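Quick notes on the structure that follows.
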Amino acid sequence: MPSTSGPVAVASASASAKAAPSPDVGISPDLYPSEDDLAYEEEILREPFKLKGWWRYLVARAAAPFAKRAVIYERALKALPGSYKLWHAYLRDRLDHARPHPIDHPAYSSLNNTFERALATMHKMPRVWVLYLTSLLDQRLLTRARRAFDRALRALPVTQHDRIWPLYLRLASLPACPVETSLRVFRRYLQFDPSHAEDFINFLVSTNHWQEAANRLASVLNDDGFRSVKGKTRHQLWLELCDILTKHADEVAGLKVDAILRGGIRKFTDEVGKLWTSLADYYVRRGLFEKARDVFEEGVSSVVTVKEFSVVFEAYTQFEQSMLAAKLEAAEEEGAEDVNEGGGKKSGIDNLSKKFLDGFWLNDEDDTDLRMARFERLLDRRPELLSSVLLRQNPHNVEEWHRRVKLFEKDPARQVATYVEAVKTVDPMKAVGKPHTLWVAFAKMYEKHNRLDSAEDIFKRATQVNYKAVDHLASIWCEWAEMELRHNNFDKAIELMRQATAEPSVEVKRRAAAEGDEPVQMKVHKSLKLWSFYVDLEESLGTLDSTRVVYERILDLRIATPQIILNYAYLLEEHKYFEDAFKVYERGVKIFKYPHVKAIWVTYLTKFVHRYKRSKLERARELFHEAVQQAPPEEKKPLYLQWAKLEEDYGLAKRAMNVYDESVRAVPGSEKMAMYEIYIARAAELFGVPRTRQIYEQAIESGLPDKDVLTMCMKFAELERSLGEIDRSRAIYVHASNYADPNNPDFWKKWNDFEIQHGNEDTFREMLRIKRTVAASRSQTHFILPEYLMQKDHRLNLDEAVDTLKRAGVPEDEMAALERQLAPGPSTAPAATPTAPASANRTMNFVSAGVEAQADSSRQQAGNNEDIELPDESDDEEPDVQIAEKSVPAAVFGELGKRAAEKNEESSGAQGNEQLGALERIKRRRQ
């Protein structure tokens, strides 16, 4: 294939779209190949249609001027016009070359022409289109850019349009772009990707195209499958639509604004107040003020939260205030115009209007007073409207209904209407509060206005309501009877109570059981509240027989309380029916248990004793015995005291002592001390002081706490001292020392004073010895270890002694002789051998070291029988050799053991005749 070279090839490559000029005309010498380029030129001459040679040529000349590189690019592209790599690199170089220049520079024109030439073959390459379109946007060539965008969308497949549309939308969003062009671009884009409808809506809002923005928002909200790419909720989109519809009501047509907003109110309950105000604002902007007022009224009458009510009511008051202010301004302007016109004639239409409509209040143009009255009425209605909101939240709130009635204190008709609505609305099973109070208040309102017949009708209806609790229905009957009492209808009040407490017939019970849900009317005849009120009426207005019938009926129904038992008995006592009263007490103590029966027993026993005194003493004793048998231990003390008082006053003193003796065994431990004190005091008064010795001894041995035993002993000792029994008193002090605390100075001081006054030196020393013994016993703790631990510890102690002798330098033969010396004599050794198990069972702290040493050294005696010569000792000193004591290790006793050991050392040091152990004696002899 022919090829060109030299200046002719360069010249032909530099002529872009025009005919190539002559080689000798207008070509710079720098554009011709140099000697360094010969190798590359020869390679591309040999293979002009291979990209490799051209690309190496361009890489080698990366630092050359752009004009020279452009010639190489043009020559390469003429040979390889379909090379995407060459076109892309060429266009990038062209862009870099043109970017520093202004947009009206010829470099941009050449750049655009190069792009157009590239797209002749690269129209399927999206990157080339992106570079071209970006360059046109930077040059602000809007028309050329729009046409290029259209060509790109037609040339590229749909799957690659997502790379073009962002740039196209950027073009549509430019301020210089005509609005109609932008709208058409966005509409086409939504056909490609409908999910970006929000971008189009925002653009419409920014360009004040309210009609289309509202239409688009409505279509988006009607599309259940729409998902906001910007994360907006449907509620936020609704609010945006409401803002558009209300703030631009005159510019939006074709949409049912009322239906749209009401649909939002039903759907989005958390922003109801704002939607109601938006709907009213829409009508205000349309000039339909009466319609806006109706919307506000509907809003404050339908919201269910105080927050939403506050929003709507605030907007409503602002609307009425603005309407009033606008009317006042208009009236002032009309007055000024009339003054300026003077007495000008009115038109014919005005004259006709005045002629035919004169006298009609609706034709009155000056409605300022009406608007002022509306505004004041709205402010006065606020508590009522707020109460309605709270009742819409919970229509069964009884207290809120009462507060609503109080709002109409000056309007009885409204109060009646409110009560009627309340008793119809409130469900007793769901009521919050006491629903019967509505009926009672309703009836009392009629009673206040002297309408007793209407009040009775209200109570009668109230008794037929199925309440949740029996007490509610009982309260209705009681209130009805009290109303009759206030108007002196006593017989009717008693008849009402008789009617209320009447037991339903068997037929009525059968019918209620068949229905399944037993109403409270079937249970009210057992209401204690009703019977208590009934019996009070009978006591006040009836006879004794009728009252007794009511009390007996209460007892038969098993609904009596201890107070009713006491009241019944007191009634009979007033009328001198004492035996009947005591029978009532008997029934009461059989019905109730402790602690409820306590008051009945105390009253019964008190009344019985006061009535019969000594005449029926055996019966009284039986009653007291039964009372203390039923009573728990903590309640027996007052009964025993009352019983003992009976025996002291009307019985035998011996029986009184028996009662006291029984009481100290029956009462709980916390009350025994007090009971013993009473027992002793009464015994001393009745039988004399010597009789109390037995009681004191019994108290001391009865198991009282140590503190109480000590107190009792001190009192007993004081008694014996007062009787002159010094030895008995001292013996009691000795016994009491077992319960005394060494740190308690009262006991020891009292004993000390006693010995100073009545004792001698021996008894005083004995007291001090006992005091030291008690102190030592309270400060030491003894442990009994198992036998194997005791033997092990003994062996360890012996080994430690042998080790100590070794470290002191004593030879082993001397140590063996020492062990033989420590062993028992010939007379005791044979006895020790067979009784080794018995010696192992010896008490701890007194283990014989000699026996163990003999057993340990028996093997050494066979090999070494030499004796160690020791200094001669006197005859009276030899028998005093003692076996060393082995004590329990100090770790077993802890701190208490250490203290005990220190005290033992002190006591042993104080005794001069204390005998030393064998090891200690040997150490002292060696010294």
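Model, not experiment: these values are computed from the prediction.
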For Met429 and Asn466: C-alpha separation, side-chain torsions, deciding distance, then whether side chain to side chain contact (heavy atoms under 4.5 Å, CB included) applies.
CA-CA 8 Å; Met429 297 300 175; Asn466 186 17; 3.8 Å; yes
Is it true that, when you exclude Arg392 itself, more than 12 heavy atoms of the residues, nucleotides or ligands shown sit nearer than 6.0 Å to its CZ?
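Check passes, neighbour count above 12.
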Whether [X] and [Y] hold their rings parallel, tilted or perpendicular, with breakpoints at 30° and 60°:
X	Y	value
Phe608	Tyr612	tilted
Tyr640	Trp643	parallel
Phe442	Tyr419	parallel

Does the distance from a Lys or Arg side-chain N to an Asp or Glu carboxylate O, for [X] and [Y], drop under 4.0 Å?
X	Y	answer
Glu290	Arg293	yes
Glu482	Lys444	no
Lys590	Glu626	no
Arg403	Glu400	yes
Arg381	Glu297	yes
Arg285	Asp281	yes
Glu495	Lys492	no

Any side-chain donor near an acceptor of the partner, [X] and [Y], under 3.5 Å:
X	Y	answer
Trp601	Gln630	yes
Asn567	Gln563	yes
Tyr594	Glu634	no

Is [Y] close to [X] at the side-chain level, that is, under 4.5 Å between some pair of heavy atoms?
X	Y	answer
Leu623	Glu586	yes
Glu308	Trp276	no
Phe459	Leu496	no
Leu438	His402	yes

Output all residues satisfying side-chain contact (heavy atoms from CB on, under 4.5 Å) with Leu288, sequence neighbours left out; order by chain, then residue number.
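Leu288 satisfies side-chain contact (heavy atoms from CB on, under 4.5 Å) with Tyr283, Arg286, Lys291 once adjacent residues are dropped.
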Is the cationic atom of Arg611 (NZ for Lys, CZ for Arg) positioned less than 6.0 Å from the six-membered ring centroid of Phe582 and within 45 degrees of its normal?
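That pair does not qualify as a cation-pi contact.
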Rounded distance [0.5 Å steps], CD in Glu538 versus CE in Met497
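Reported to 0.5 Å precision, the distance equals 11.0 Å.
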Leu370 vs Arg374, side chain to side chain contact (heavy atoms under 4.5 Å, CB included): CA-CA, chis, key distance, verdict:
CA-CA 6 Å; Leu370 176 61; Arg374 280 177 176 172; 4.2 Å; yes
